[in-house]
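Chain naming here is simple, since letters A, B, ... match the order of the sequence lines and numbering starts at 1 in each.
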Protein chains: 2
Amino acid sequence: MATFPPSVQSRVVTDEDVKRTYAADAGPEPRDPARDVASDYTVVRARDVADVVAVLEHAQATGTPVVPQGARTSRVGGARATDGCIVLNVEALDAIETIDPVEGIAVVGPGVVNAALKAAAAEAGLFYGPDPASTATCTIGGNVATNAGGLCCLKYGVTADWVKALDVVLPGGEVMRTGHRTIKGVTGLDLTGLFVGSEGTLGVTTRVVTRLVPAPDPALTALATFGSLDEAVRAVVALRLDRHRPSLLEMMDRASLDAVRGFGDYGFPEESEAVLLVQSDRPGHTAEDVARYGELMTAAGAVEVAVAEDRQEADLLLQGRRVLSTAVEALGARIAEDVCVPVGRLGEYVRGAAEAARRFDVRIPVSGHAGDGNLHPSIVYPYGDAGARERAWAAFDELMQLGLSLGGTVAGEHGIGSIKRRWFAAEVGPREVERQRAIKAVFDPSGIMNPEVVFGPAGRVAGAAGPAT
Amino acid sequence: MATFPPSVQSRVVTDEDVKRTYAADAGPEPRDPARDVASDYTVVRARDVADVVAVLEHAQATGTPVVPQGARTSRVGGARATDGCIVLNVEALDAIETIDPVEGIAVVGPGVVNAALKAAAAEAGLFYGPDPASTATCTIGGNVATNAGGLCCLKYGVTADWVKALDVVLPGGEVMRTGHRTIKGVTGLDLTGLFVGSEGTLGVTTRVVTRLVPAPDPALTALATFGSLDEAVRAVVALRLDRHRPSLLEMMDRASLDAVRGFGDYGFPEESEAVLLVQSDRPGHTAEDVARYGELMTAAGAVEVAVAEDRQEADLLLQGRRVLSTAVEALGARIAEDVCVPVGRLGEYVRGAAEAARRFDVRIPVSGHAGDGNLHPSIVYPYGDAGARERAWAAFDELMQLGLSLGGTVAGEHGIGSIKRRWFAAEVGPREVERQRAIKAVFDPSGIMNPEVVFGPAGRVAGAAGPAT
């Protein structure tokens with residue numbers, strides 16, 4: 001147990017039950033629950049930057065690993081306690097300091113919830129683009145750590161496309177400022193970009209400057225059902241080439257639709273191989289756009305197209321997509337997958353996932369951001385069934401390999417975390433892992449920052465070990 | 001003089017006159033021409049990646065500095081011969097390998113000219129956004145090296161927003177691949193982003209994967225004249241907040257207008273304090289948009305608004321903006337400035353530049369990408385006048401300081417090169433310079449890559465020394 005300076009001591013969580021809630025994240029249950037549980041960790045809830053500085057001074061001086069943490073929505077075991085670590089939670093750094101319409105920027109703390117930033121921007125007639133499915137709970141700091149994407153990337157890009165500048169506390173307590181508040185800037189190396197997606201392995205973000213743009217219209221939605229995957233993929237390609245690209249283009253397979261219908265009535269169809277949900281938020285043209293999207297999908301072979309006539313209907317359809325994650329979790333234990341493949345090969349990936357489900361006797365509903373080639377198959381199995389868990393992890397490995405063989409990547413928007421280290425190395429190669437470790441060492445020479453994720457050696461991780469390395 | 005392996009020997013330029021043309025770039029003449037001329041450099045015109053690998057193997061083995069080079073359009077002395085260096089020109093690596101409408105990507109060599117990529121994309125109904133004023137000559141490799149911007153950044157962002165993946169040859173000859181061809185991807189640190197804007201200090205780019213989007217319409221243009229800078233800036237702020245943001249928003253001051261009129265008749269007005277050029281390329285709505293932009297500018301205080309009725313008139317107005325650089329160069333020797341300031345402080349910057357022109361007795365026409373807060377004052381003085389040159393560099397220093405004091409950056413889109421090293425350090429601080437040197441050392445442990453730019457110590461540089469350090 002670490003001994004902190006008095007200023008930090010009052011931020012340490014002492015209640016064991018509360019502590020345990022900070023040890024876990026939203027990633028899968030461990031491959032080997034008997035082995036993969038951390039012990040002897042400390043939880044600090046920072047209230048300001050000074051707390052973060054004090055913890056990182058202390059950690060550097062004592063060689064203590066630090067796991068930075070926001071809302072713990074990581075799907076890949078990126079924010080879990082490890083043996084002997086300090087879990088450093090920064091949710092309380094949740095100030096929205098600035099919303100500036102003239103310069104088109106927001107300045108926020110890392111603990112600001114994604115939806116809260118969107119709401120604050122909207123009050124000023126502005127818009128913040130990145131839109132993870134967990135928008136209501138996930139924090140901007142976590143979005144920065146994973147370069148989070150979401151449902152609107154097709155038109156608005158990912159977190160990296162919106163972050164302009166950062167304050168980061170480094171091991172030892174130095175506060176580093178990266179980037180520019182001005183619209184452009186090329187002064188030396190782009191360390192802002194290097195930190196976005198670095199999964200807490202380099203330092204702790206304490207302030208984020210993002211750009212904001214004029215707000216679009218409330219979106220309207222079209223929904224289309226398809227009798228085959230190939231037709232759905234043909235529609236995706238056509239929609240991407242429309243000169244007014246959709247603001248959202250989601251795909252759900254039969255198993256996903258079943259899961260949503262089991263959860264509530266969101267107006268989803270009974271039977272089909274695939275459903276596409278498409279939105280336009282283009283000011284003044286949403287109805288015209290979704291009508292045209294409907295025609296494009298019909299031309300690609302859609303069996304049925306429903307165009308939401310109004311905002312309420314559109315919201316209902318999209319709510320169906322947003323509850324999918326919760327609906328799937330109701331089915332059992334879950335490993336949430338996140339491969340991104342070339343758009344033209346989406347069909348092959350979905351078919352491969354179905355084939356893996358049969359072979360390994362697990363359920364794998366497939367859904368995701370088809371417009372980005374980014375799918376989230378969920379490998380689902382009964383809680384507490386060790387054999388099924390082993391088969392699920394085998395299916396996971398197969399889905400990783402399949403993604404790579406199609407020219408894709410093992411992490412579209414969730415990051416590597418602790419569960420995909422081996423697949424990270426498989427994708428980029430051992431030389432690249434070494435190079436990235438050397439870059440990490442520039443910021444974190446003692447290797448204390450989130451040491452179990454991305455570059456870390458295989459080790460004990462509370463809640464998830466990931467595939468054997 | 002370096003001795004190369006036989007495979008490279010035939011790529012070495014032997015004609016002294018030809019060699020000299022590769023020693024210079026488009027940056028300013030030297031502060032001290034007697035001192036700042038490189039000697040004993042070698043020029044290699046690579047024809048393929050194998051040549052680049054061979055040169056970087058040789059350079060690493062012999063500790064020879066390497067200056068990577070494309071079309072030599074650098075404004076900041078970023079691509080100039082230095083004492084004893086190998087100038088490695090990669091213009092001949094100009095293959096457009098792939099234009100893929102389904103995935104929305106292009107794969108090109110670093111020597112492909114910006115306009116050539118735009119044209120190839122247009123043939124497929126697609127669009128590549130970054131649009132430097134030198135689009136007709138500058139290369140994608142150079143655009144990557146400087147994170148180039150241009151006239152369309154307001155709507156389309158800078159080069160970093162378009163580059164998805166790179167092949168880079170590192171010192172020693174290793175070929176490194178960064179990034180993803182898929183639309184999303186978060187596997188470890190973003191080395192693509194780290195290389196964009198690194199000004200040839202880390203390695204030599206040999207392949208670039210960019211994204212492409214559906215092509216917009218040919219743009220229409222509105223031009224407005226203003227009696228005061230404050231009204232022009234008010235118009236800029238209003239235009240940025242329009243829900244259909246302009247695709248281009250350029251400002252020119254009185255001296256810039258004089259220069260263009262002296263060069264040819266592009267339909268520019270006779271008298272005004274500032275002119276704004278605004279474009280829309282929104283499919284199906286260009287006429288509607290530029291009419292509305294005109295109304296916004298009138299409301300902000302424009303004296304006169306001219307809306308181009310057709311494509312020809314619109315092109316003519318924009319040509320006036322595009323020839324400005326040539327027109328200014330006809331006035332004398334030139335130091336091209338590139339500060340980016342908060343949009344709300346554009347007026348203060350332009351007034352400060354005018355005041356500096358008076359005080360240092362040089363001409364400083366001011367123009368640039370007002371929609372981005374990115375201005376290019378040109379400090380102009382008579383060729384061969386040593387006293388005027390000294391005053392021009394003093395004005396340059398003052399403009400750098402002014403930009404920083406307004407919360408801006410010393411480099412919006414041209415980079416640091418060799419002429420702004422001191423101001424780079426002034427902006428980011430000595431600790432940050434050391435950190436970035438440490439990151440450079442991960443890729444370039446011997447410090448052979450473009451050693452005089454960005455991080456370099458003061459040293460002899462052909463064509464430009466920059467301010468004393």
Heavy-atom cut-off 4.5 Å, strictly under: side chain, backbone, both or neither for [X] against chain B?
X: A/L154; result: neither
X: A/F443; result: side chain
X: A/A441; result: neither
X: A/E103; result: both
X: A/V442; result: side chain
X: A/H369; result: side chain
X: A/V341; result: backbone
X: A/R240; result: both
X: A/T146; result: backbone
X: A/D242; result: backbone
X: A/L346; result: neither
X: A/D372; result: both
X: A/L191; result: side chain

Can you tell me which of [options] forms the most heavy-atom pairs within a distance under 4.5 Å of chain A?
options: B/G408, B/A438, B/A160, B/A215; result: B/A215
options: B/V454, B/L241, B/T192; result: B/L241
options: B/V343, B/T187, B/L126; result: B/T187
options: B/G429, B/G407, B/P342; result: B/P342
options: B/V339, B/V237, B/D217, B/T178; result: B/D217

**OP:** State whether B/D161 and B/R211 are salt-bridged, where the test is any N-O pair (Lys NZ or Arg NE/NH1/NH2 against Asp/Glu carboxylate O) under 4.0 Å.
**Re:**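 Between B/R211 and B/D161 there is no salt bridge, as every charged N stays at least 4.0 Å from the carboxylate O atoms.
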
Original post:
Is the closest basic N to carboxylate O distance between B/R435 and A/E174 below 4.0 Å?
Top reply: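 A/E174 and B/R435: salt-bridged.
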
Original post:
Can you check salt bridge (charged side-chain N to carboxylate O under 4.0 Å, His left out) on B/R181 and B/D100, steps first, answer last?
Top reply: CA-CA 11 Å; B/R181 294 196 181 196; B/D100 183 340; over 6 Å; no

Sub-4.5 Å side-chain heavy-atom contact between [X] and [Y]:
X: A/V76; Y: A/S74; value: yes
X: B/R282; Y: A/R282; value: yes
X: B/V209; Y: B/L166; value: no
X: B/V410; Y: B/E337; value: no
X: A/D444; Y: A/L202; value: no
X: A/L151; Y: A/Y156; value: no

Original post:
Between A/F424 and A/F455, what is the ring plane arrangement, given parallel below 30°, perpendicular above 60°, and tilted in between?
Top reply: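 Judged by the thresholds at 30° and 60°, the geometry between A/F424 and A/F455 is perpendicular.
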
**OP:** Say whether A/E427 and A/T409, considering side chains only, have a donor N or O and an acceptor N or O under 3.5 Å apart.
**Re:**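 Side-chain D/A pair, A/E427 to A/T409: present.
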
Subject >> Under 3.5 Å side-chain donor-acceptor pair for B/N147 and A/D190 >> reply: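 No donor-acceptor contact under 3.5 Å links the two side chains.
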
Among [options], who wins on heavy-atom pairs under 4.5 Å with chain B?
options: A/P216, A/G149, A/G104; answer: A/P216
options: A/H414, A/H180, A/K440, A/E199; answer: A/H180
options: A/S198, A/G344, A/G197; answer: A/G344
options: A/C153, A/G193, A/G125, A/A411; answer: A/A411

**OP:** Apply the test salt bridge (charged side-chain N to carboxylate O under 4.0 Å, His left out) to residues B/E434 and B/R431: give CA-CA distance (whole Å), side-chain angles for both, the deciding distance (0.1 Å), then the verdict.
**Re:** CA-CA 5 Å; B/E434 281 315 305; B/R431 194 155 186 172; over 6 Å; no

